[in-house]
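Any value given below was found using the heavy atoms of this structure, including those in side chains, with hydrogens, waters and symmetry copies removed.
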Amino acid sequence: MSARPKIRLYVDHPLAEGESVALSRDHANYLFNVMRLRAGAEVALFNGAAGEWRAKVVEAGKRAGVLSCVEQVAPQVDPPDLWLLFAPIKKARTDFIVEKAVELGVRRLCPVQTDFTNSERIRQDRLQAHAVEAAEQCGATFAPEVAALQPLSKALDGLSRPLIFADEAAAGDALGALPPAPAAILIGPEGGFSDAERTRLHALPNVTPIPLGPRILRADTAAVAAITLWQVAQGDWT
């Protein structure tokens, strides 16, 4: 068996032996104009449900192309059922949160508007594309959904799973307190949570406040730290 292809693409298309996959214009441009692939070249495909597939280029054009699935080279591996609720921050640092959450293994990304959130809008489509790109780069076979931005109060109203609240005022053993999947982690904005938000969070029966160490972390660092703690305690790390 030849080595697995280095170029990986997420496609919204069924994958099976002999399946033909018509490329989008963006994918065709990337493969044939940027990477200079030609007919007969191999790429890896995944769709979030069927594992990773080796595929060969059948037709190569500047704006279109067709691939044919040859064989499955990796099974489907879904991340644990962990959601990340986070307040958007500056663009590059929000991108960092999305990228690292995908790499660490999060099932869903949920931007929330808090009282002190300094970004009132996001480009959901751009963040979704960034999540897909992160999955392509890290070898994942699952690309998490990036939900639309919504107020924290609305997100809490609709949340039925245990919520891990990264609280800078909390104390105790974070690892021992983390609930198993399905679960969600909440990371606040750069200015922290307001008193009203903190009061509501502590009053909810399904919320577990945890500390993230003796130092105050930036929001993007806190997201990575909290996901890592959960993965060590309850996730799919070995």
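Shown here is Asp12, whose CG atom has no more than 12 heavy atoms of other residues, nucleotides or ligands within 6.0 Å. Summarising the local packing, CG of Asp195 is surrounded by 12 or fewer heavy atoms from other residues, nucleotides or ligands at distances under 6.0 Å. Residue Arg126 qualifies as enclosed at atom CZ: its count of foreign heavy atoms under 6.0 Å is above 12.
For Arg8 and Phe46, the positive end sits near the middle of the six-membered ring, less than 6.0 Å away and at most 45° from its axis. Annotation: cation-pi geometry not satisfied between Arg107 and Trp83 (NZ/CZ under 6.0 angstrom from ring centroid, within 45° of ring axis).
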Inset, instruction - Starting from the C-alpha separation in whole Å, work towards a yes-or-no answer on side chain to side chain contact (heavy atoms under 4.5 Å, CB included) for Leu23 and Val66. - result: CA-CA 6 Å; Leu23 294 172; Val66 176; over 6 Å; no

Inset, instruction - Please lay out, stage by stage, how His202 and Phe165 fare under the test side chain to side chain contact (heavy atoms under 4.5 Å, CB included). - result: CA-CA 9 Å; His202 280 283; Phe165 161 39; 3.6 Å; yes

Inset, instruction - Could you go through the salt bridge (charged side-chain N to carboxylate O under 4.0 Å, His left out) check for Arg218 and Glu190 one step at a time? - result: CA-CA 7 Å; Arg218 294 194 337 179; Glu190 291 175 323; over 6 Å; no

Legend entry - Criterion side chain to side chain contact (heavy atoms under 4.5 Å, CB included) on Leu156 and Leu163, from CA distance to verdict: CA-CA 9 Å; Leu156 294 176; Leu163 179 66; 3.6 Å; yes

Legend entry - CA sep, side-chain torsions, deciding dist, call: Arg38, Val57, side chain to side chain contact (heavy atoms under 4.5 Å, CB included): CA-CA 7 Å; Arg38 296 295 179 262; Val57 178; over 6 Å; no

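Judged by distance alone, the side chain of Ser194 and the main-chain N or O of Asp115 form no donor-acceptor pair under 3.5 Å. A donor-acceptor contact shorter than 3.5 Å links the side chain of Gln231 to the backbone of Asp236. A distance-only check finds a donor-acceptor pair linking the side chain of Asn47 to the backbone of His13 [under 3.5 Å].
Across every non-hydrogen atom of Ala50 and Gln76, the tightest pair is N-OE1, 3.4 Å. For Ala219 against Pro189, the heavy-atom pair with the smallest separation is CB-C, 4.4 Å. For the pair Trp230 and Ala181, the tightest heavy-atom approach, listed with the atom from each and the gap, is CZ2-N, 3.5 Å. Residue Ala28 comes nearest to Gly65 through the heavy atom pair CB-N, 4.3 Å, listed as atom of the first residue, atom of the second, then distance. Closest of all the heavy-atom pairs between Ala147 and Gln124 is C-NE2, 3.4 Å. Counting all heavy atoms, side chain and backbone alike, Pro80 lies closest to Gly235 at CG-CA, 4.2 Å.
Using a 4.5 Å cut-off on side-chain heavy atoms (C-beta onward), Thr228 and Trp237 make contact. Using a 4.5 Å cut-off on side-chain heavy atoms (C-beta onward), Pro144 and Gln128 make no contact. For the pair Leu178 and Thr208, the minimum side-chain heavy-atom distance is 4.5 Å or more. Contact check for Pro88 versus Arg121: no side-chain heavy atoms found under the 4.5 Å cut-off. Residues Gln234 and Pro180 form a side-chain contact, since some pair of their non-hydrogen atoms from C-beta on lies under 4.5 Å apart. Looking at Leu85 and Leu109, their side chains never come closer than 4.5 Å, going by heavy atoms from C-beta outward. Counting only heavy atoms from C-beta outward, the side chains of Leu201 and Leu186 approach each other to under 4.5 Å. Looking only at side-chain heavy atoms (C-beta outward), Ile122 and Leu127 come within less than 4.5 Å of each other.
Glu42 has no carboxylate O lying under 4.0 Å from a charged side-chain N of Arg4, or vice versa, which leaves the two without a salt bridge. By the 4.0 Å N-to-carboxylate-O rule, Asp81 lies too far from Arg108 to be salt-bridged with it. Taking a cutoff of 4.0 Å between a charged side-chain nitrogen and a carboxylate oxygen, Glu197 and Arg200 do not qualify as a salt bridge.
Here CZ of Phe86 is found 9.5 Å from CD1 of Ile227. Values are rounded to the nearest 0.5 Å. Put simply, CD on Glu136 and OG1 on Thr141 are 12.5 Å apart, with the number rounded to the nearest 0.5 Å. Rounded to the nearest 0.5 Å, atoms OG (Ser68) and CD (Glu59) are 10.5 Å apart. To the nearest 0.5 Å, atoms CD (Glu71) and CD (Glu52) are separated by 10.5 Å. Atoms CG and CZ, from Leu67 and Arg54 in turn, are 13.5 Å apart once rounded to the nearest 0.5 Å. Taken from CZ in Arg63 to CG in Asn33, the straight-line distance is 8.5 Å, to the nearest 0.5 Å.
No continuous path of hydrophobic side-chain contacts links Val11 to Phe142 [ILVMFWY only; heavy atoms under 4.5 Å]. Connection of Leu152 to Ile185 is not established within any shared hydrophobic cluster, with ILVMFWY side chains joined at heavy-atom distances below 4.5 Å, either directly or through further cluster members. Clustering ILVMFWY residues whenever any of their side-chain heavy atoms sit less than 4.5 angstrom apart, transitively, puts Phe193 in a cluster other than the one holding Phe116. Linking ILVMFWY residues whenever their side-chain heavy atoms come closer than 4.5 Å, directly or via other members, leaves Val43 and Val73 in distinct clusters. Grouping the Ile, Leu, Val, Met, Phe, Trp and Tyr side chains by contacts below 4.5 angstrom, directly or via other members, places Ile187 with Val224.
Leu84 pairs in a side-chain contact (heavy atoms from CB on, under 4.5 Å) with only one of the listed residues (Val98, Leu104, Val106), which is Val106.
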